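Quick notes on the structure that follows.
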Amino acid sequence: MDDTYNPLEIEKKWYPIWEQKGYFKASGDAAAPSYSIVIPPPNVTGRLHMGHGFQHTLMDVLIRYHRMQGDNTLWQVGTDHAGISTQMVVERLLASDNISRHDLGRQKFVERVWDWKEESGGHITEQMRRLGNSTDWERERFTMDADLTDAVSKVFIQLYDEGLIYRGKRLVNWDPVLLTAISDVEVLNEETDGFLWHLRYPVKNSDEVLIVATTRPETMLGDTAVAVHPDDERYQHLIGQHIVLPLTEREIPIIADDYVDQEFGTGCVKITPAHDFNDYEMGQRHQLEMINILTPDAKINENAPVKYQGMDRFDARKQIIIDFETAGLLDKIEPHKLKVPIGDRGGAVIEPYLTDQWYVDIKPLAGPAIEAVEQGKVRFIPDNWSKTYFQWMNNIQDWCISRQLWWGHRIPAWYDDQGKVYVADSEQAVREKYDLAASVNLHQETDVLDTWFSAGLWPFSTMGWPENTDELKQFYPTSTLITGFDIIFFWVARMIMFGLKFTGEVPFKDVYITGLIRDEHGQKMSKTKGNVLDPIDLVDGISLDDLVEKRTYGLMQTHVKDKVIADTKKQFPDGIGVHGMDALRFTYCSLASTGRDIRFDLGRLEGYRNFGNKIWNASKFVLMNTEELTDGQQCLSLADQWILSRLQNTITEVRKQLDQYRFDLASQALYEFIWNEYCDWYLELCKPILYNDAVSAAEKNGTGHTLRAVLNTILRLLHPLMPFITEEIWQEVGTSDSIMVQAYPVTDENLINENAVQAIHLIQKIILGIRNIRGEMNIPPSKPLSLYLDQANEEQKNIIQHNENFLKALAKLGDIVWLDGEKAPASATALAGNIELFIPLAGLIDVAAETERLEREIGKLNKEVLKSQQKLGNESYTAKAPPAVVEKERQRLTESESALEKLTEQLKNLPSA
RNA sequence: AGACGCGUAGCUCAGGGGUAGAGCGCCACGUUGACAUCGUGGAGGUCGGCGGUUCGAAACCGCCCGCGUCUACCA
């Protein structure tokens, strides 16, 4: 092994070997239990971000864990075509050459996107390889692969034929920049400071005026009614009369509807059925005219007065306010908080807009999907996410699935010249299915499907559905889905609905929902905030200059840019160092506690890089000291028995935590055992055996074998979390095969040895007592000390006598003397339980310091004694608390009292300073 | 307006009816033959507040305060 731990070198070495040897493939062992995960397919042209790194790491841990247990394990990998995002990226690329997609035309443009996919599509999969993801690359799929596209068609056609997909004209969420409809879940509602404009609407043939309040004055051009509450006494006499709509001079009715809140504003509401979802419904109820006043790109159209035509919606807003004011019809303006609908991709303000779109009648699919979760067929982890799921599913609205984009699955529908719709998977199929003559002219629907439509089929379309393949039989339903809460609606719910509908089974049994990775201040990481951390930079390291360059790239506003530069320089004055992927993976695991977002803490990452270093050096030590192991006799020391016993507890703990998705607790158990027990204590306890010529060959051999055996087990236990370093060391310690294909450790009850654990615990307490004296008294660690002991019982005495070597080595002792009741010389004192420890002063101990130290200890003990006495003096406590608890308290009191007495006595015995 | 979550050491977080934990940071000492990416010792918290249940609450319940997220919205 190299002298120093060099993670980057190790990490680049092993992945190609694993992949080439086919270790990522499912074993195909039909007798073994199946374990499968489908990856949430990342955007094919995307880049790996912290969220991917996090989720992929957790998936890989589970996959490697199950694979090592001998399960027939599949991690299905692939990428998503990500309709809007990908189209936007390519359009932006074209724009830099001053080309629009319309210049190219649909076919050429789509070809360009495919080219772009070929060009950049390998990027994210390369990054996944760096992560160590043991996905089965031979089964890699893309949502627009031919067979997955066939599955999409089949699903669409079947749903259409069953009446569960329909086409209709209604209000949709329209993105006037991207020029496409989007679904409800793609709209973000951002709270914004806006205004409430109060407009005066004159009543026809009357002096009266109704005042309506609106946040969007420009929509008044499309008003077709004013509504009041039917019981509102103020307006009773006006119901049925008409308003002369200012600026347009159209006459619109005053109607009554109990949707109106009398308390809000003036109690009069302007109704614009073509541009507001609530107004649309009211329009339906009252058969109101619908006047669309916007062009697809949200300019005022020809249905409005000429003056406003062609104006952008926000310019029109300003102009209309001016015109109302000029006409004396602007009553007042109030500041008002409102939610503005924003498209989650483009960021444009969404318009409710009247268009023809395709919808899924979703309620019939939602019912069974709700039941599946209620019945526990699908389990959310943590469980509270099922509430979020129910809440949405119980109020689910029909799903708009058509998009006016060019990149995506083309909807398999054709129209004849009369606009009649035919659905089948090709024009030929349409003609056959609907028995159309060759003379009937057909043209295909130009819309594509929402990306999430194909994503919803992912768990079974990737496994060959609709064919009844072996993959489906073995791996479907899948075992666990790991994903973020942000796509429960987008993706998880739809997979459950489609899975149940088309396979009759749930797509997965457990859904593990991860928190969001935020920056150290709890802020969402985003390009515009300039606080993004790239997982690869954490692994490879990056200079401050490069990091600043990366974070400010594309930032336009100088004050934002300056802040990003300042923040970055402050947080990373020296850039980011090399940490290695194993450290990053372990960090992800350690932060993966359930049900909360994660503030990414660089300190943790550094700590776990150090952990890798620790393992490296410990392994080096083991190898150096176990070169001459024999098959001969092995005699196990107390320490050997102890560490083997503790190892069993660790195995049990790690398995338990992995089984219940507590990656944080699993990593903690490993960290604590490896560092605090194996390295800090066991390696040190081995030294007096290995380095002492007086120790028998059998004992040395026993310790050597134990050192190796424990390391061997540690590596296998740790491998799912830190695959690279464990593989590298395994090559030295284990067999020549890869650690990937070794068995995951199983607890061996025979090695649990409570006596050894207790005995080592005693030894540790003595050593800690002496070290405490050394530390507090500033006695150099190199200075050997004499130890006087008293008050030990026979059993303890026996243990200590047989293990003096440990004490002498770890506490750096010279003589060990038993007092047997004799008075100790003037000493510093410590207690190890009932045992009194004396370190003779003999000129090296500062009496004043020792006095102070003892007084401090005595103070603590006094408090403890008091506390115990109070408890035990309470009759209801002794009567009602469990006897075991009371007994424990009694023991505690006895021990504290005895300790107090001993230390007080010792304080008295100190020579006066 | 509902729903969910969070508030524990300076920071990032575990824990959970029976004497408050980890990592990082801090202080002191130390190059003892795996490791200074280290070792040893130490300091540091009335577990957001107030009530209640209980022999016992940081933990369970209620209310309040603060923070966050989601859903639905009054134009």
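Every chain is numbered from 1, with letters handed out A, B, ... down the list of sequences. Please read these numbers as outputs of a predicted model, since none were measured by experiment. Any value given below was found using the heavy atoms of this structure, including those in side chains, with hydrogens, waters and symmetry copies removed.
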Tell me which nucleotide among B/rG15, B/rA43, B/rU19 gets nearest to the side chain of A/Arg662.
B/rG15
Just jot down the ring-ring contact (aromatic ring centres under 6.0 Å, His included) partners of A/Tyr671, sequence neighbours excluded, or say none.
A/Tyr608, A/Phe611, A/Trp675
Closer than 4.0 Å, any side-chain N/O of A/Ser593 to the OP1 or OP2 of B/rA14?
yes
Expressed as a whole number of Å, how far does the C1' atom of B/rU8 sit from that of B/rG15?
9 Å
Sequence-distant partners of A/Asp261, side-chain hydrogen bond (donor to acceptor under 3.5 Å, both in side chains), two or more places apart
none
The side chain of A/Arg599 is closest to which nucleotide in this list: B/rC13, B/rA75, B/rG41?
B/rC13
Restricting both atoms to N or O, compile the protein contacts to nucleotides 69-72 of chain B shorter than 3.5 Å, with distance only.
{"unit_1": "B/rA72", "atom_1": "N6", "unit_2": "A/Lys339", "atom_2": "NZ", "d": "2.9"}

Under 3.5 Å, sequence neighbours excluded: what are the donor-acceptor pairs made by side chains of residues 881-891 of chain A?
{"unit_1": "A/Glu889", "atom_1": "OE1", "unit_2": "A/Arg892", "atom_2": "NH1", "d": "2.7"}
{"unit_1": "A/Glu889", "atom_1": "OE2", "unit_2": "A/Ser868", "atom_2": "OG", "d": "2.8"}

With both pairing distances under 3.5 angstrom for Watson-Crick or G-U wobble, and | for a partner in another strand, the correct string for RNA chain B is (((((((..((((....[..)))).(((((.......))))).....(((((..]....))))))))))))....
Apply ring-ring contact (aromatic ring centres under 6.0 Å, His included) to A/Trp681 and list each qualifying residue two or more places apart in sequence or on a separate chain.
none
Between B/rG41, B/rA20, B/rC55, which nucleotide gets closest to the side-chain atoms of A/Tyr877?
B/rC55
Are A/Glu776 and A/Arg856 ion-paired here, with the side-chain N under 4.0 Å from a carboxylate O?
yes
Which residues pass the side-chain hydrogen bond (donor to acceptor under 3.5 Å, both in side chains) test with A/Asp519, not counting sequence neighbours?
A/Asn531
Please list all pairs meeting side chain to side chain donor-acceptor pair (under 3.5 Å) that have one or both residues in residues 571-582 of chain A, counting only residues at least two apart or in different chains.
A/Glu520-A/Gln571
Could you list the donor-acceptor pairs under 3.5 angstrom formed by side chains in residues 270-277 of chain A, with sequence neighbours left out?
{"unit_1": "A/Lys270", "atom_1": "NZ", "unit_2": "A/Thr219", "atom_2": "OG1", "d": "2.6"}
{"unit_1": "A/Lys270", "atom_1": "NZ", "unit_2": "A/Asp223", "atom_2": "OD1", "d": "2.9"}
{"unit_1": "A/Lys270", "atom_1": "NZ", "unit_2": "A/Thr272", "atom_2": "OG1", "d": "3.1"}
{"unit_1": "A/Thr272", "atom_1": "OG1", "unit_2": "A/Asp223", "atom_2": "OD1", "d": "2.7"}
{"unit_1": "A/His275", "atom_1": "NE2", "unit_2": "A/Asn292", "atom_2": "OD1", "d": "3.3"}
{"unit_1": "A/His275", "atom_1": "NE2", "unit_2": "A/Ile293", "atom_2": "N", "d": "3.0"}
{"unit_1": "A/Asp276", "atom_1": "OD1", "unit_2": "A/Asn278", "atom_2": "N", "d": "2.8"}
{"unit_1": "A/Asp276", "atom_1": "OD1", "unit_2": "A/Asp279", "atom_2": "N", "d": "3.0"}

How would you summarise protein contacts on nucleotides 22-36 of chain B per nucleotide, using B for base, S for sugar-phosphate only and - for none, with heavy-atom distances below 4.0 Å?
-B----SS--B-BB-
Taking only the C1' atom of each, what is the distance from B/rA9 to B/rC47 in whole angstrom?
10 Å
Pair A/Lys687 + A/Glu684: basic N to acidic O under 4.0 Å:
yes
Side chain of A/Ser876, heavy atoms from C-beta onward: which of B/rA14, B/rC55, B/rA75 has the nearest atom to it?
B/rC55
Among residues two or more places apart or on two chains, list those pairs meeting ring-ring contact (aromatic ring centres under 6.0 Å, His included) that have a residue in residues 861-881 of chain A.
none
Taking only residues two or more places apart in sequence or in another chain, which ones pass side-chain hydrogen bond (donor to acceptor under 3.5 Å, both in side chains) with A/Asp2?
none
